Amino acid sequence: MAIQAQKVAKTIGLSLKSTLVLLIVLVGVFKLVEAQGGVAGRLPKDEVGALREIATQLGKDDWNFRVDPCLNESSWFTAEADYSSKPALYNNSLICNCSFPSAAGTVCHVVSLFLKGQNLSGELPKSLVKLPFLQKLDLTRNYLSGTIPSEWASANLTVLSISVNKLSGPIPSSLGSMTTLVYLSLETNLFSGSVPRELGNLVHLENLILSANNLTGELPLALTNLKKLTELRISSNSFTGKIPDFFHSWKNLQKLEIQASGLYGPIPSSISVLSNLTELRISDLHGEGSKFPLLSNMRGMKRLMLRSCNLSGTIPANISQMPELQILDLSFNRLEGNVPDFKDLAKMEYMFLTSNLLTGAIPKWVLDRDPRDQLDLSYNKFSESSVGPTCRETLNVFESSLGRDNSNTAACQKNIRCTKDRYSVHINCGGKAITSGNIKYEEDLDPAGPAKFVLGSENWGISSSGQFWDINRTSNVYIANNVSTLRMNSSELYTSARLSPLSLTYYVRCLANGNYRVTLSFAEIVFRENRSFYSLGRRIFDVYIQEKPVLMDFDIENAAQGVDKSVSRTYKAVVSNKILQIRFHWAGKGTTAAPKRGTYGPLISAISVESDFSPPMKVEIFIVIGAVVSVLFLILMILGILWWKGCIGGRISRDKELRGLDLQTGFFTYRQIKAATNNFDPANKIGEGGFGSVYKGVLLDCTIIAVKKLSSRSNQGNREFVNEIGMISGLKHPNLVRLYGCCVEGSQLFLVYEYMENNSLARALFGPEEYQLNLEWPARQKICVGIARGLAYLHEESTIKIVHRDIKTTNVLLDGELNSKISDFGLAKLDEEENTHISTRVAGTIGYMAPEYALWGYLTYKADVYSFGVVALEIVAGKNNMKYRPNENYVCLLDWGLVLQRKGDLMELVDPKLGSDFNKEEAIRMIKVALLCTNPSPALRPTMSAVVSMLEGRTVVNEDIMDPSIYGDEYRFEALRGQFDQIQPVRKSLSGAESRIHSSSDPTWTGTSSTSAPDLYSINDDSR
């Protein structure tokens, strides 16, 4: 430097003294420049050192520290070529701003760091704060673990994205100090705990993305301070409480996503203020439902999802005023009425109205829509004739009509008939036909789609509903293919699998009725098991067989203990109408962005369906023998009936009554019945009623049955035998006991039912202590709703409307899974629609009969509603209505309930056996519904469909506080005294009934008859 100074001095003619001064000045300048980081335009040394520390903490080893990253960007990334051809998932960029002024001119500072898709396996770098000018940090899609450093509180970031990593722990409250943040994404990690209220300090925040974590608690009120929010995503968490009514503070929102967040409904009405919304996704809400929210102000809406939100009412026509709408998803609600006219929504490409209660005709505008538009109307109640004669691949109308015949309603599919019964089906889901072991699997190669019913063969098909959001639609996203070598047994079954973004139903037809084993085979072939972001996905879905849940929140990787490993689940299923449905459903849980957007939903590799019984011998070989046997059987039947008619003499001609019935059930021989019950072994006796004894039996195909044996001395039994066959043979519902058939041989009369493992509800609730079941609250709620659904079917849904007349806990049976089923239709009456009521001989059970029926013989379906109310009260109280009297001031359990209602102390009714761990809201709701059903006025009782809606929390219960004295003796006898002339016969019947109560333990009252009504599973000690 001295030599250089001398040359300069000599050139300009300076003296030695001046030369020394110049040397000192130059030294000072160079020291100043060095202090600022070197020559002009370079990155300061302290930031280079910070980058070294950051690289170490992140586990990044491809930065070239021999060059300046701001001046030699192409040489800074030693492995840049590895990423040059990568898709948008990857970004390996360090961005400098070299326009900062300095003494030497300008200096560089790091302002942005994008390290996306690098599979970095370190931790979040604490040294980040040593880059004081850093504004944007994006570490999306890596394998980073640990927590968010508290040191970051002093950073001046405007953009922070650490999505799709393995980060855990709570979201630190120190993040609230980064008040410069505009964009914050913590999506797809393992963060837990509640959202810190300090995030409310981020008043400049426009984007907040917290989806796919393990966050809990309620959203803090402080979030209302985020008035600049334009995007909020909080899906797939475990938040508590209702959706907060914060929308008045978030009027700038453009995108809102609340899917499977754990939050409860209803959707706040204040959502209507969000007039700037272009995307709204709310799904899988818990709790009570609501009417469709008011969205008429959202004219810029492009994508609208309100799925599984318990919405009721009609679809608002003002949706047609959203001209930019592209996707409409209102599936899995309880929307009813007609589909509005949306033909003017020219930009709408997808519409999902799956699984609602929509009625009327399928609109013409739907049938005329552009064939490229995907429209799903499956699982509704449209008129059968409205689908039209042609089929369209992009219009799914599977199970969509009132006239369901267990096939798709489109004509092209209805014309395919079953040529013979099948006893097994094996499907290689999403793959080609193969043989694995000795089983041949059929191919399943159709690409499917968002709204499509596919016939795989004449015996099975698939219904595919739903679209993968956030990805461009392609033809193969509904089939997954493995990306590595599979080493499990039968690996050829798992090289491909069928995918679904929402609901996928495998629909197997033409099966012989009976019991089946359903084996579902899974393997996770999309996620990887390595230290990369390809291993970070969490696939969670549900599985239903015959619409009963068998797998909830199922995770293949967890169940198989790794990826590329197989796991199978086998279940029993009953086929009663030749149809088996297996449905896979995504309820919004798990991740949707790992390893890339649109990775989620059910994944199934193979399905095997095998009968638990042997197929019959071939008809071709034994057709002649079969014909001869049939003729002989008919002759024997006729002779037997004629003999029986002669023996009975003047009694009711049962064969004459049977001749008029259209029997849809099977016939059993007396020999079969004896063999099944081990010659009526007393050890197999499971019940005793007025009809006779009930026995457990086992058929040759291992089907367990319940055999009701008619007492030969029972005249009433003869009538009820005929009546019960006629009534129940045409009824099929999950909450009605199934009648397999009957036996009529000589003096022997039998009814053969499905066997119910847990006997009657009466025994479960208040039978002998050794027979009682520990019914926790969810089971009681399930039982009560099941009874209500069964009655709703009898009253409103079946082709023949029926009043049961004898609903009580002994006539409600429980299967092995505590599903409730109504039994004993011996007293049932057809409710002819043109009659407002039936005047009939009083028949039923004291304590369960409606007042208008007991006193005046006035029978409508509201009599069953009353009886249901009594049963519901017994379920919640765990006590028998007739046998429970807290003291001499109360007539029965119902009387006590009415008094407690007036006192406002309904919780005192709840069964003490439940302890304190039960859903108090549901319990109070059930009590209120029960009391509403037992209103003395039938006009004020709800319908059973309304009862189901109230019990499920979809409809508010209108509480009607009644006077309990109406159930006292004074009311009964005053009513009889005032109506003596009109109801004297009824009074005599009452007297007769009262005398029978004292002489018999079965308080069943059937007018003047001397025997009681049948109880299928009445328990021997009659603990009713």
Side-chain angles (χ1 to χ4, degrees), residues 720 723-724 727-728 731 735-736 784 787-798 800-812 822-875 881-882 892-895 898 929-948 960 962 966-967 971-972 975-976 979 983 985-986 989-990 993 1003-1007 1009 1012-1015:
E720 289 160 358
N723 199 41
E724 183 139 8
M727 289 291 183
I728 200 171
L731 303 176
N735 297 110
L736 303 182
C784 191
I787 301 169
R789 286 177 176 161
L791 284 174
Y793 171 79
L794 292 177
H795 295 173
E796 306 168 42
E797 300 170 16
S798 67
I800 53 172
K801 305 300 185 288
I802 291 177
V803 183
H804 187 282
R805 286 206 298 175
D806 201 19
I807 295 297
K808 55 184 177 180
T809 48
T810 51
N811 283 345
V812 175
I822 299 169
S823 71
D824 282 333
F825 288 79
L827 300 182
K829 284 284 186 182
L830 291 176
D831 183 8
E832 300 175 7
E833 294 185 3
E834 64 270 16
N835 294 334
T836 57
H837 72 281
I838 303 171
S839 296
T840 180
R841 176 176 62 92
V842 175
T845 303
I846 289 178
Y848 297 88
M849 283 190 292
E852 76 279 2
Y853 180 45
L855 295 177
W856 294 287
Y858 183 94
L859 177 65
T860 69
Y861 63 88
K862 291 295 184 73
D864 283 349
V865 177
Y866 180 94
S867 302
F868 169 81
V870 177
V871 171
L873 206 61
E874 291 179 322
I875 290 173
N881 183 47
M882 289 297 293
C892 58
L893 174 65
L894 178 57
D895 190 23
L898 292 171
V929 169
L931 297 177
L932 186 62
C933 290
T934 54
N935 194 298
S937 171
L940 297 179
R941 295 173 207 151
T943 63
M944 287 310 302
S945 59
V947 168
V948 173
D960 185 12
M962 296 176 287
I966 62 174
Y967 292 99
Y971 167 78
R972 294 198 197 97
L976 287 172
Q979 303 283 338
I983 61 171
V986 177
S989 296
L990 280 169
T1004 305
W1005 177 29
T1006 57
S1009 175
S1012 58
D1015 296 323

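Keep in mind that the numbers below use all heavy atoms, side chains included, and drop hydrogens, waters and symmetry copies. Bear in mind that the values here come from a model prediction, so they are computed numbers and not experimental data.
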Thr943: partners by side chain to side chain donor-acceptor pair (under 3.5 Å), with sequence neighbours left out: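 If we apply the side chain to side chain donor-acceptor pair (under 3.5 Å) test to Thr943, skipping adjacent residues, the hits are Ser945.
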Can you list the residues that meet the side chain to side chain donor-acceptor pair (under 3.5 Å) rule with Glu797, with sequence neighbours excluded?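 Per chain and number, Glu797 pairs via side chain to side chain donor-acceptor pair (under 3.5 Å) with no residue.
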Looking at [atom1] of [X] and [atom2] of [Y], how far apart are the two atoms once the value is rounded to the nearest 0.5 Å?
X      : Y      : atom1 : atom2 : answer
Lys862 : Ser937 : NZ    : OG    : 8.0 Å
Asn935 : Leu898 : CG    : CG    : 9.5 Å
Met882 : Tyr848 : CE    : OH    : 9.0 Å

Is any side-chain heavy atom of [X] closer than 4.5 Å to a side-chain heavy atom of [Y]?
X      : Y      : result
Tyr866 : Leu894 : yes
Leu791 : Leu794 : yes
Tyr861 : Lys801 : no
Cys784 : Phe868 : yes
Thr934 : Leu873 : no
Asp806 : Asp824 : no

Closest heavy-atom contact between [X] and [Y]?
X      : Y      : result
Val865 : Cys933 : O-CB, 3.4 Å
Arg789 : Asn735 : CB-OD1, 3.7 Å
Gly847 : Val870 : O-CG1, 3.5 Å
Ala930 : Ala872 : CB-CB, 3.9 Å

Criterion side chain to side chain donor-acceptor pair (under 3.5 Å) against Asp864, the qualifying member of Arg805, His804, His795: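 Of the listed options, the one satisfying the test is His795.
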Inter- and intrachain pairs under salt bridge (Lys or Arg N to Asp or Glu O under 4.0 Å), touching residues 932-948, at least two apart: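 Checked against salt bridge (Lys or Arg N to Asp or Glu O under 4.0 Å) - neighbours excluded - the pairs reaching residues 932-948 are Glu852-Arg941.
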Counting N and O atoms only, with roles assigned by atom type, does the side chain of Ser823 sit under 3.5 Å from a partner on the main chain of Asn811, one being a donor and the other an acceptor?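 Indeed, once roles are kept as given, a pair shorter than 3.5 Å links the two residues.
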